[in-house]
Amino acid sequence: QVQLVESGGGLVQAGGSLSLSCAVSGDTFSMYASGWFRQAPGKEREFVAAISRGGLNTYYTDSVKGRFTISRTNAKNTVFLQMNSLKPEDTAVYSCALRRSTHGTVSSTAGEYDYWGQGTQVTVSS
């Protein structure tokens with residue numbers, strides 16, 4: 001089975017930074033495109049960022065453009081989300097996800113993803 005384990009969440013003051021990691025095992029990582037989603041209490045799950053399986057194409061939701069960076073290292077089976085200039089509205093549980101994909105494509109649609117991690121809590125204080 002495919003397993004995804006997120007790490008790097010925590011409590012940070014507004015304006016600070018966090019780096020999230022998603023370690024993947026159980027299948028050929030390079031066959032999957034990746035994404036990050038988040039969900040705050042009482043809100044629907046929200047798309048954050050996506051990256052193609054080769055890492056050449058990325059896509060971000062408008063609210064994080066210029067602040068967050070998604071990347072991946074296929075040799076280490078890991079997806080990253082670098083989060084800078086954090087705001088209180090970024091507070092949520094962040095989950096990584098994988099989807100089988102043709103090369104070069106990205107997706108912001110949660111239903112297109114095949115595997116999900118359990119999530120890591122990010123809390124940004126004022």
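What you are looking at is a predicted structure, and each value in this text was computed from that prediction instead of being measured.
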Co-membership, hydrophobic cluster, residues Val79 and Val5, 4.5 Å side-chain
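Different clusters: Val79 never reaches Val5 through Ile, Leu, Val, Met, Phe, Trp or Tyr contacts under 4.5 Å.
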Hey, any chance Leu18 and Val93 share a hydrophobic cluster, counting ILVMFWY side chains that come within less than 4.5 Å of each other, even indirectly?
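In one cluster: no.
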Other members of the hydrophobic cluster containing Leu11, with the 4.5 Å side-chain heavy-atom rule, please.
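Members alongside Leu11: none; it stands by itself.
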Which Ile, Leu, Val, Met, Phe, Trp or Tyr residues join Tyr59 in one cluster when any pair of side-chain heavy atoms under 4.5 Å counts as a link?
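Answer for Tyr59: Phe37, Phe47, Val106, Tyr113, Trp116.
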If we only count heavy atoms from C-beta on, is the [X] to [Y] side-chain gap below 4.5 Å?
{"X": "Phe68", "Y": "Leu86", "result": "yes"}
{"X": "Thr123", "Y": "Val12", "result": "no"}
{"X": "Met83", "Y": "Leu20", "result": "yes"}

Could you tell me which residues satisfy salt bridge (Lys or Arg N to Asp or Glu O under 4.0 Å) with Asp114, sequence neighbours excluded, listed by chain and number?
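Applying salt bridge (Lys or Arg N to Asp or Glu O under 4.0 Å) to Asp114 gives none.
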Arg99: salt bridge (Lys or Arg N to Asp or Glu O under 4.0 Å) partners, not counting sequence neighbours:
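Testing Arg99 for salt bridge (Lys or Arg N to Asp or Glu O under 4.0 Å), a comparison that skips the adjacent residues, returns Glu112.
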Does anything in residues 72-109 form a ring-ring contact (aromatic ring centres under 6.0 Å, His included)? List the pairs, not counting sequence neighbours.
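As it turns out, there is no ring-ring contact (aromatic ring centres under 6.0 Å, His included) pair with a partner in residues 72-109 once direct neighbours are skipped.
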Grab the two heavy atoms, one from [X] and one from [Y], that are nearest each other, plus how far apart they are.
{"X": "Ser126", "Y": "Pro88", "value": "OG-CG, 3.6 Å"}
{"X": "Thr91", "Y": "Ala40", "value": "O-CB, 3.6 Å"}
{"X": "Ser34", "Y": "Leu98", "value": "OG-CD2, 3.5 Å"}
{"X": "Ser17", "Y": "Gln82", "value": "CB-NE2, 4.1 Å"}
{"X": "Arg53", "Y": "Tyr32", "value": "CB-O, 3.3 Å"}
{"X": "Gly104", "Y": "Asn57", "value": "O-ND2, 2.8 Å"}

Determine which pairs satisfy salt bridge (charged side-chain N to carboxylate O under 4.0 Å, His left out) with at least one residue from residues 33-43, sequence neighbours left out, and list them in order.
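For residues 33-43: Arg38-Glu46, Arg38-Asp90.
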Evaluate whether atom CD of Gln118 has more than 12 neighbouring non-hydrogen atoms of other residues, nucleotides or ligands under 6.0 angstrom away.
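Not buried by this count: 12 neighbours or fewer within 6.0 Å.
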More than 12 non-hydrogen atoms from neighbouring residues, nucleotides or ligands closer than 6.0 Å to CD on Glu44, yes or no?
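Open.
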Quick check: does any side chain N or O of Ser107 sit under 3.5 Å from a backbone N or O of Thr109, one acting as donor and the other as acceptor?
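Side chain of Ser107 to backbone of Thr109, a donor-acceptor pair under 3.5 Å: yes, one is there.
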Side chain of Asn77, backbone of Ser25: donor and acceptor closer than 3.5 Å?
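A pair under 3.5 Å: no.
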Got a second to check how far Cys96's SG is from Glu6's CD, nearest 0.5 Å?
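That separation rounds to 4.0 Å.
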For the atom pair OG (Ser95) and CZ (Arg45), what is the distance rounded to the nearest 0.5 Å?
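Output value for this atom pair is 7.5 Å.
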Evaluate the criterion side-chain contact (heavy atoms from CB on, under 4.5 Å) for residue pair Trp36 and Ile70; output intermediate values, then yes/no.
CA-CA 8 Å; Trp36 286 94; Ile70 187 171; 3.6 Å; yes
Tell me whether the NZ or CZ atom of Arg72 lies within the 45° cone about the ring axis of Phe29 and under 6.0 Å from its centre.
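Yes, cation above the ring, under 6.0 Å and within 45°.
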